[in-house]
Amino acid sequence: MDYNFREIEQKAIEKWKAENVYKVEYPSTKPKFYVLDMFPYPSGAGLHVGHPLGYIASDIFSRYKKLKGFNVLHPMGFDSFGLPAEQYAIQTGQHPAKTTVDNIKRYKEQLSKIGFSFDWEREVSTADASYYKWTQWIFCQLFEHWYDKTADKAKEIKELIAIFEQEGNLNVAAACGDNTNKFTAPEWTSFSEMEKSDMLMQYRLAYQADSWVNWCEGLGTVLANDEVKDGFSERGGFPVEKKKMSQWFLRITAYAQRLLIGLETLDWSDSMKEMQRNWIGKSIGAMVKFEIKNHSGFVEVFTTRIDTIFGVSFMVIAPEHELVDLISTSEYKEEIKAYQKYCNTRTDTDRQSDVKNVTGQFLGAYAINPFNGVEVPIFIADYVLIGYGTGAVMAVPSGDQRDFLFAKKFNLPIIPILDTQISIETEANPTKEGKYINSDFIDGLEFKAATNKLIEALEIKKIGYGKVNFRMRDAGFSRQRYWGEPFPIFYENGIPKLLELKDLPLELPEVISYKPAGSGESPLSTATKWVNELGDGKTRETDTMPAFAGSSWYFLRYMDAQNDNEFVSVAAQQYWQDVDLYIGGTEHAVGHLLYSRFWHKFFYDKGLVSTEEPFKKLVNQGMIQGRSLLTKENQIKGISGGLNVPINLADNKDRLFKDKLVYLSKNDNRFENIDVEKDVNWEENENGQFILLQNEVEKMSKSKYNVVNPDDIINEFGADCFRMFEMFLGPIEQHKPWDTQGIGGVSRFIGKLWRLFNFDENGNAHFSTTKGDDEAYKILHKTIKKVTEDIERFSFNTAVSAFMICVNDLSKFKLQDKNILSDLVLLMAPFAPFTTEFLWEKLGNDVCILKQGNWPIFNESFLVENLINYPISFNGKVRAKLDLDAALSENEIEKIVLENENVIKILDGKAPKKVIVVKGRIVNVVI
RNA sequence: GCCCAGGUGGUGGAACUGGUAGACACGCAGGACUUAAAAUCCUGUGACUUUUAUCGGUCGUACGGGUUCGAUUCCCGUCCUGGGUACCA
């Protein structure tokens with residue numbers, strides 16, 4: 001009987017269905033294990049071969065853990081709110097809910113073919129009202145809480161109101177807005193309802209504030225930085241400018257310190273933790289006030305280098321800073337306006353990355369150094385961002401390269417402040433070594449002493465104070481989009497108020513057009529009936545939540561996916577606790593993974609979950625890239641090169657022939673204006689005219705014509721081969737290009753495995769039931785050891801090659817030992833579930849592997865070696881080998897080696913300086 | 001720009017804690033079986049060099065330095081590629 005994967009897959013699917021094998025046990029007395037994949041966004045392009053990489057890895061681990069006796073939760077769902085669906089809706093008029101449901105259906109069909117052990121009864125989809133009901137409820141909880149710095153946890157707003165009524169906010173240590181005024185209890189009582197609401201906004205964990213956004217008048221909407229290119233929208237090419245708008249925010253900064261220290265408890269890669277640390281960006285420094293000459297105000301700056309304050313030769317504030325209009329003098333008004341206009345068109349990313357173009361504008365005003373009274377000019381410059389710190393910096397050109405370049409450009413003094421700063425004529429020297437010079441009362445001191453003395457002086461003079469600052473900002477939570485969760489908020493007399501739980505979910509209204517309203521308001525604002533349906537002049541909030549809202553807590557919902565009364569029940573959460581293994585890409589390093597940790601800590605404060613961190617272990621999978629073919633420069637007139645061409649149109653030498661280009665010019669509008677006779681720089685051979693395309697490895701995407709669909713691979717080679725091939729490609733965490741050329745090797749391997757069973761034409765396997773060769777057992781146990789270790793360290797590619805070695809080695813025996821075949825089938829079950837299920841039955845088992853099987857136990861006694869093949873190296877180069885008794889001591893080995901004929905020959909009469917023996921590994925003779 | 005990761009044969013990759021660089025595959029070349037093809041199996045395969053053939057030798061893990069008896073692995077510097085950079089998910 002030949003290997004027929006179609007039949008085998010069909011049989012296995014029926015068996016699993018009949019035994020309901022993937023239904024998660026709950027309640028259960030077994031130890032739990034929670035394996036989670038980052039759920040996909042169901043895009044219109046369908047699943048490509050990159051998606052399953054992580055899912056296969058997590059599925060292997062889940063099945064392995066099940067065989068080891070754990071109760072495993074391994075769910076799947078869909079992150080179904082997002083811009084692409086909305087963009088598609090705008091273009092086609094189709095409701096995003098419809099396309100989303102269609103896409104999910106397609107994803108599920110594709111996923112089901114790969115043989116994942118998902119329990120689909122626990123599926124979640126963030127765009128389902130039954131799910132986003134709880135996302136909205138969580139928002140309500142955040143709105144109703146503030147952060148008590150003394151208790152270091154979130155508390156209910158009503159407790160804060162009680163404190164305000166008792167003693168105002170004079171003694172409250174809370175995470176709050178920067179300019180929160182102090183008030184007493186009587187003052188609080190005298191506040192209007194609006195004033196009270198505004199004051200509480202300064203404290204809520206979900207709050208409203210003004211912020212700068214990329215506004216595109218032409219599109220009538222707010223854009224992400226990556227949708228803006230050189231001051232124009234990427235779509236349509238309309239001008240983009242900065243605009244101040246009222247937005248919802250989440251006060252993630254309240255949790256900055258806990259998010260930082262929590263990292264220490266996690267089993268994540270150091271690089272991943274480092275990225276989060278850098279994003280949180282804790283810095284210890286000082287706030288300093290600089291008075292302004294002939295003006296009552298002051299410039300406040302945060303600096304981590306207060307020790308350099310005597311090197312300050314100018315100040316720079318952000319072009320959007322509110323002081324600009326107040327302190328600038330009339331003679332510069334026009335230049336300032338022009339410069340602000342220029343900055344207004346640039347994104348924050350552009351403003352920070354462009355270090356070659358130094359620009360700025362003098363305001364005509366001067367700040368006064370609080371320590372030595374020196375007057376320094378105040379500039380605006382685009383490298384200072386309004387959203388960072390105070391939006392102002394004290395510039396020290398001798399120590400900071402950006403300040404240095406600025407000083408050079410505007411001919412400002414560069415004052416050395418440390419005796420170790422040399423050659424500061426050519427570049428800044430940010431050193432902290434040495435003793436201070438030109439620095440008044442800290443002259444001669446070193447960094448630490450100087451810093452302490454200056455902070456003390458600041459606090460005595462009441463012009464500043466030592467401060468811990470975080471680079472991380474509060475999370476913007478408003479989107480002026482249609483396809484997101486509506487806020488459970490309505491306004492009464494301009495005051496935002498919450499809906500009650502019984503009124504949730506607040507479902508998205510139908511709208512005529514998914515386009516933005518154009519006024520800066522979201523498309524929801526056009527649903528006037530919905531907006532006003534509460535009556536009494538009450539209006540609904542029309543912004544929607546961002547995509548990270550739904551994904552910040554979905555891992556909890558899987559624990560209790562169908563609960564209508566709670567977001568997750570206490571009992572379910574206490575059993576499943578947290579995610580033991582989370583697999584996903586590094587692109588979520590600081591977005592999703594930080595927001596989820598923040599929400600989880602908030603739930604922990606509320607007593608809603610029993611763990612402080614959601615994801616114990618994190619494994620990052622790399623991206624599978626596609627091979628694409630692109631046109632080259634000067635090949636086609638009027639086309640600048642780099643246009644993607646479908647791979648199947650080119651021949652195997654990457655040549656695109658004339659008839660194919662004609663086809664393309666009719667079917668792809670990027671090519672439609674080409675005159676194939678005149679515009680193309682053809683090369684020619686006996687088959688006709690062609691252009692030679694260039695090969696490139698890129699991210700898989702529909703528009704690049706390089707998407708590979710797993711369905712095609714599965715149809716040709718079977719699901720098990722696909723699974724093993726994806727794992728065999730390389731380490732899970734590495735990026736790698738997709739190349740099906742190697743798949744034949746895996747397919748042949750499965751064939752060899754099949755042949756070990758000696759199937760006859762009636763489909764009966766033939767094996768021996770008496771104990772076989774010791775050597776066969778050695779092969780098996782070597783494999784048990786290797787595969788178990790490899791799975792534990794997520795090295796699936798080497799596990800697959802261990803199987804190949806095992807099957808190759810066993811192939812030399814005519815008839816296999818049944819026990820060996822059984823253990824091999826069990827070892828391979830996580831990797832190739834369909835084939836192994838079939839073989840398991842052929843070995844005489846009735847119940848499926850996951851219910852009946854146990855992970856094989858490694859027995860060291862089969863692996864004992866009496867001889868060790870020692871490499872003998874000379875100065876680190878291996879030049880001889882020697883089989884030696886494993887029991888020999890270092891001294892005995894050295895003696896035997898030096899007496900060896902070959903060694904004597906290589907030594908050629910020279911006496912070795914030293915002999916290093918590493919027992920069981922290597923001998924190194926130093927000449 | 002800043003933060004993080006990666007760079008090993010023609011290709012994907014292995015070498016887990018500093019101890020035989022290239023496991024396992026792909027591709028390629030040659031051979032067996034076959035009327036032929038497919039399938040399967042066997043042999044060889046980093047580069048250079050020596051030799052009738054062996055036995056050997058030299059170089060070699062992006063590049064330039066360093067530490068070490070010994071470096072793909074640790075340290076310093078450079079180049080290139082990928083991810084993130086706060087409204088793509």
Side-chain angles (χ1 to χ4, degrees), chain A residues 2 38-41 43 79 81-84 87 213-214 221-227 247 269-272 274-279 281 348-356 383 387 401-402 472-481 484 546-548 551 585-592 594 620 622-623 625 697-699 725 728-731 733-746 748-749 751-752 755 789-790 793 795 797-798 800-805 808 811 869-879 881 913-916 918 920-927:
Chain A
D2 285 336
M38 286 185 187
F39 61 167
Y41 174 79
S43 89
D79 189 12
F81 274 130
L83 267 186
Q87 204 49 47
V213 296
N214 296 316
T221 189
V222 177
L223 298 176
N225 277 333
D226 68 300
E227 294 176 292
Q247 307 275 302
S269 70
D270 288 337
S271 61
M272 195 56 84
E274 192 62 17
M275 275 191 264
Q276 291 218 340
R277 268 186 215 113
N278 291 334
W279 184 266
D348 286 2
T349 317
D350 290 342
R351 284 169 55 168
Q352 280 181 99
S353 18
D354 188 5
V355 288
K356 287 179 198 112
Y383 75 91
Q401 185 62 14
R402 214 128 44 146
M472 181 168 66
R473 309 198 295 263
D474 280 340
F477 205 62
S478 278
R479 301 291 183 266
Q480 290 73 41
R481 311 277 189 193
F548 74 77
S551 63
T586 47
E587 64 270 28
H588 301 284
V590 287
H592 161 64
L594 204 57
N620 294 115
M623 193 185 295
Q625 295 147 319
V697 172
E698 300 180 292
K699 198 168 171 168
F725 179 60
F728 189 60
L729 277 177
E733 65 278 3
Q734 201 164 297
H735 297 314
K736 53 231 149 187
W738 178 260
D739 186 353
T740 25
Q741 278 210 314
I743 201 165
V746 177
R748 273 192 282 281
F749 154 72
K752 284 186 204 170
R755 265 171 267 134
E789 284 171 2
D790 282 354
R793 68 187 176 106
S795 178
N797 57 326
T798 52
V800 174
S801 64
F803 287 130
M804 289 174 169
I805 294 168
N808 283 344
S811 292
N869 185 250
Y870 277 94
I872 314 298
S873 62
F874 293 79
N875 291 342
K877 289 256 169 234
V878 175
R879 298 185 55 188
K881 278 176 189 179
K913 282 188 197 150
K914 201 175 177 187
V915 178
I916 289 150
V918 184
R921 283 208 173 263
I922 199 170
V923 179
N924 191 21
V925 183
V926 186
I927 313 176

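Heavy atoms only: backbone and side chains are in, while hydrogens, waters and symmetry mates are out. Labels below follow one simple rule: chain letters A, B, ... track the order of the sequence lines, proteins then strands, and each chain is numbered from 1.
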What is the distance, rounded to the nearest whole Å, between atom CE of A:Met275 and atom P of B:A5?
7 Å
Which part of the nucleic acid, if any, lies within contact of A:Gln401, taking any heavy atom under 4.0 Å across all strands shown: a base, the sugar-phosphate backbone alone, or nothing?
nothing
A:Gln87 CD to B:A89 C1', straight-line distance once rounded to whole Å
14 Å
Could you tell me how far apart A:His592 (NE2) and B:A86 (P) are, to the nearest whole angstrom?
19 Å
Is a donor on one side and an acceptor on the other found under 3.5 Å between the side chain of A:Ser873 and the backbone of A:Arg879?
no
Taking any heavy-atom pair under 4.0 Å as a contact, classify A:Asn225: base, sugar-phosphate, or nothing.
sugar-phosphate
Please report the interatomic distance CG(A:Leu223) to CD(A:Gln480), rounded to the nearest 0.5 Å.
10.5 Å
Across the strands shown, which category fits A:His588 at heavy-atom distances under 4.0 angstrom: base, sugar-phosphate, nothing?
base
When rounded to the nearest Å, what value does the distance between P atoms of B:U72 and B:C63 take?
11 Å
Check: A:Arg402 side chain, A:Gln352 main-chain N or O, donor-acceptor pair, under 3.5 Å:
yes
Please determine, for B:G30, whether a Watson-Crick or G-U wobble partner exists with both distances under 3.5 Å, and give it or none.
B:C42
So do the side chains of A:Leu83 and A:Glu227 get within less than 4.5 Å of each other, counting heavy atoms only?
yes
Please tell me which of the listed nucleotides, B:C24, B:A86, B:C88, lies nearest to the side chain of A:Asn808?
B:C24
Could you measure between the two C1' atoms, the one in B:C42 and the one in B:C74, and give it in whole Å?
44 Å
Pairwise P distance for B:G6 and B:G57, with rounding to whole Å:
35 Å
Is there a side-chain contact between A:Ile916 and A:Val923 in this structure, where contact means two heavy atoms from C-beta onward sitting under 4.5 Å apart?
no
Partner of B:C88 by Watson-Crick or G-U wobble geometry, both contacts under 3.5 Å, or none?
none
Let me know, please, whether A:Met804 or A:Asp474 comes out on the 5' side of the other along RNA chain B by nearest nucleotide.
A:Met804
Search all heavy atoms of A:Gly585 against all heavy atoms of A:Met38 and return the closest pair with its distance.
N-SD, 3.7 Å
Looking at B:G57, B:A89, B:G1, which one has an atom nearest to any side-chain atom of A:Asp79?
B:A89
Watson-Crick or G-U wobble partner for B:A23, using a 3.5 Å limit on both distances?
none
Can you check the distance between B:C4 and B:U8, where both ends of the measurement are the C1' atom (answer in whole Å)?
22 Å
Both distances under 3.5 Å, Watson-Crick or G-U wobble: report the partner of B:C48, or none.
B:G57
Would you list the protein and nucleotides 72-82 of chain B atom pairs, both N or O, that sit under 3.5 Å from each other?
| unit_1 | atom_1 | unit_2 | atom_2 | d |
| --- | --- | --- | --- | --- |
| B:G82 | O2' | A:His735 | NE2 | 3.4 |

For B:C16, give the paired nucleotide (Watson-Crick: N1-N3 plus N6-O4 or O6-N4; G-U: N1-O2 and O6-N3; both under 3.5 Å), or none.
none
Rounded P spacing from B:G13 to B:A62 in Å
14 Å
Heavy atoms only, 4.0 Å cut-off, all strands: where does A:Arg351 land among base, sugar-phosphate and nothing?
nothing
Say you pick atom C1' in B:U50 and the same atom in B:A32; how far apart are they, in whole Å?
33 Å
Any non-hydrogen side-chain atom of A:Arg481 less than 4.5 Å from a side-chain atom of A:Gln87?
no
Both A:Ser353 and A:Ser271 contact RNA chain B. Taking the nearest nucleotide for each, which residue is further toward the 5' end?
A:Ser353
Could you measure between the two P atoms, the one in B:G77 and the one in B:G82, and give it in whole Å?
23 Å
Any side-chain heavy atom of A:Val746 within less than 4.5 Å of one from A:Met804?
yes
Using a cut-off of 4.0 Å on non-hydrogen atoms, how would the nucleic acid contact of A:Phe548 be classed: base, sugar-phosphate, or nothing?
nothing
Chi class for B:G9: syn within 90° of 0, otherwise anti:
syn
Among B:C69, B:G83, B:U85, find the nucleotide with the atom closest to the side chain of A:Val926.
B:C69
Figure out the CG/C1' separation between A:Asp739 and B:G10, and round it to whole Å.
12 Å
Measuring from the side chain of A:Lys914 (C-beta onward, heavy atoms only), which nucleotide among B:A89, B:A5, B:C69 has the closest atom?
B:C69
Return the nearest nucleotide to the side chain of A:Trp279; candidates are B:U85, B:A89, B:C24.
B:U85
Kindly give the heavy-atom pair with the smallest separation between A:Gly476 and A:Pro546, and that separation in Å.
O-CG, 4.3 Å
Donor-acceptor contact below 3.5 Å, side chain A:Gln247 vs main chain A:Phe477:
no
Expected string for nucleotides 36-51 of chain B under the B/S/- scheme (protein heavy atoms, under 4.0 Å, primed atoms plus P, OP1, OP2 as sugar-phosphate) is ----SS----------
Between B:G1, B:G83, B:C59, which nucleotide gets closest to the side-chain atoms of A:Thr586?
B:G83
Taking all non-hydrogen atoms of both residues, which atom of A:Asn225 and which atom of A:Asp348 are closest, and how far apart?
OD1-N, 4.4 Å
Can you check each nucleotide of nucleotides 14-20 of chain B against protein heavy atoms at under 4.0 Å and return B for base, S for sugar-phosphate only, - for none, in 5' to 3' order?
SSB--BB
What is the distance from CD of A:Gln276 to P of B:A86, rounded to the nearest Å?
16 Å
Rounded to the Å, how far apart are A:Met272 CE and B:C4 C1'?
9 Å
For a quick check of understanding: with a heavy-atom distance under 4.0 Å over all strands, which category does A:Met472 fall into, base, sugar-phosphate or nothing?
base
Between B:C3, B:A89, B:C24, which nucleotide has the shortest distance from any of its atoms to the side chain of A:Glu587?
B:A89
Could you tell me which non-hydrogen atom of A:Asp79 sits nearest to which non-hydrogen atom of A:Tyr41, and how far apart they are?
O-CD1, 3.0 Å
For atom C1', what is the distance between B:C80 and B:G30, given to the nearest Å?
39 Å
What I'd like to find out is whether the side chain of A:Leu729 reaches to under 4.5 Å of the side chain of A:Trp738, using heavy atoms alone.
yes
Taking all atoms of both residues into account, what is the closest heavy-atom pair of A:Gly742 and A:Phe725, and its distance?
C-CE1, 3.6 Å
Strictly below 4.0 Å, N to O, side chains only: are A:Arg793 and A:Asp790 in salt-bridge contact?
yes
For A:Asp350 and B:C2, what is the distance between atoms CG and C1' respectively, to the nearest whole Å?
14 Å
Mind calculating the distance between CZ (A:Arg479) and C1' (B:C88) to the nearest angstrom?
11 Å
G-U wobble or Watson-Crick pairing nucleotide for B:U81 (cut-off 3.5 Å, both distances):
B:A5
